[in-house]
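Working notes for the structure below.
Ligands are counted one by one from 1 in listed order, and the atoms in each one are counted from 1 as well.
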Amino acid sequence: MQRLATPLVLLVLSATIASCVKNPYAATNRFYKQQARDFTRSLQTMPAAPDSVPAGRYSVGTTNFNLRKPNYVIIHHTAQHSVDETLKTFTLPRSQVSAHYVIGRDGQTYHMLNDYLRAWHGGVARWGNVTDVNSCSIGIELDNDGTEPFAEAQITSLLRVLSSLKRAYNIPAANFIGHGDIAPTRKNDPSALFPWPKLAERGFGLWYDAAVLTDTTAAPFALDSLGGVGPGITPREALRIIGYDTRDLPAAVSAFKRHFASAESGTELTEQDRRILFNLYRKCL
Ligand SMILES: [Zn+2]
């Protein structure tokens, strides 16, 4: 009896202590709940036609609807030195930045915003014809200073978050991309150390067929003197079809190389880069 009682007492004590730990974010959590209540109220009002058109005779709401779902996942590194630093930044109204998820080096994951709400993580960005990336995406920030390898526990948690998002919202593999991909002139995250191939193996993100690097017959084109990546296909066209904003071509090439050919950086496409680019382009047609 005595032997059983001691662990029980310890358990009760530790539970009591845990429940007494003060949440340093209690005040900003109240702010979050108030914001969510305000949005709820505005969603509950019946929609009305714009003033510029004659309204119908009745107010009629449809019976058939649900919430819009995110269709992209944008991965970032924080370029900061700790999760605490990032949590503070994302709970400071004047910073005007946020993300849905923040994942620490130890794998601890903070879900900071309901997936159905719009986080401010993409900034001015573009992918294909999508010009408001924040409105259709989930933002995930990885605690990483931008020069270090990504911790294993962190990637394990990331893969679990991605699985649950993919399952919940049916997000296509090609729509898991990086911040540097959608804002090539401004951003370089996640860094070239990010393990995209590991993600692609599990269906998160596009990847090329390894055979194109070694098997020259697998690439049905001659690298032409005009610098094309395939018959009549310029690098700009191939990058554009994949989704890159090519208005600044060197920036788009650099973003592509960071994501898909991390052994090399810069704004020049090597023969290997061209093979990879053409292979990915064909997957996106
Ligand atoms: Zn970012």
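- Residues Leu113 and Val102 are members of separate hydrophobic clusters, defined by side-chain heavy-atom contacts under 4.5 angstrom among Ile, Leu, Val, Met, Phe, Trp and Tyr.
- Residue His179 counts as close to the Zn ion (ligand 1), with an N, O or S atom under 2.8 Å.
- The ring of Phe194 has its center closer than 6.0 angstrom to the ring center of Phe150.
- Two rings, from His76 and His121, have their centers less than 6.0 Å apart.
- Aromatic ring centroids of Tyr244 and Trp127 lie under 6.0 Å apart.
- Taking 2.8 Å as the criterion, Asp189 counts as a coordinating residue of the Zn ion (ligand 1), since one of its N, O or S atoms falls below it.
- His76 lies close to the Zn ion (ligand 1), since one of its N, O or S atoms is found at a distance under 2.8 Å.
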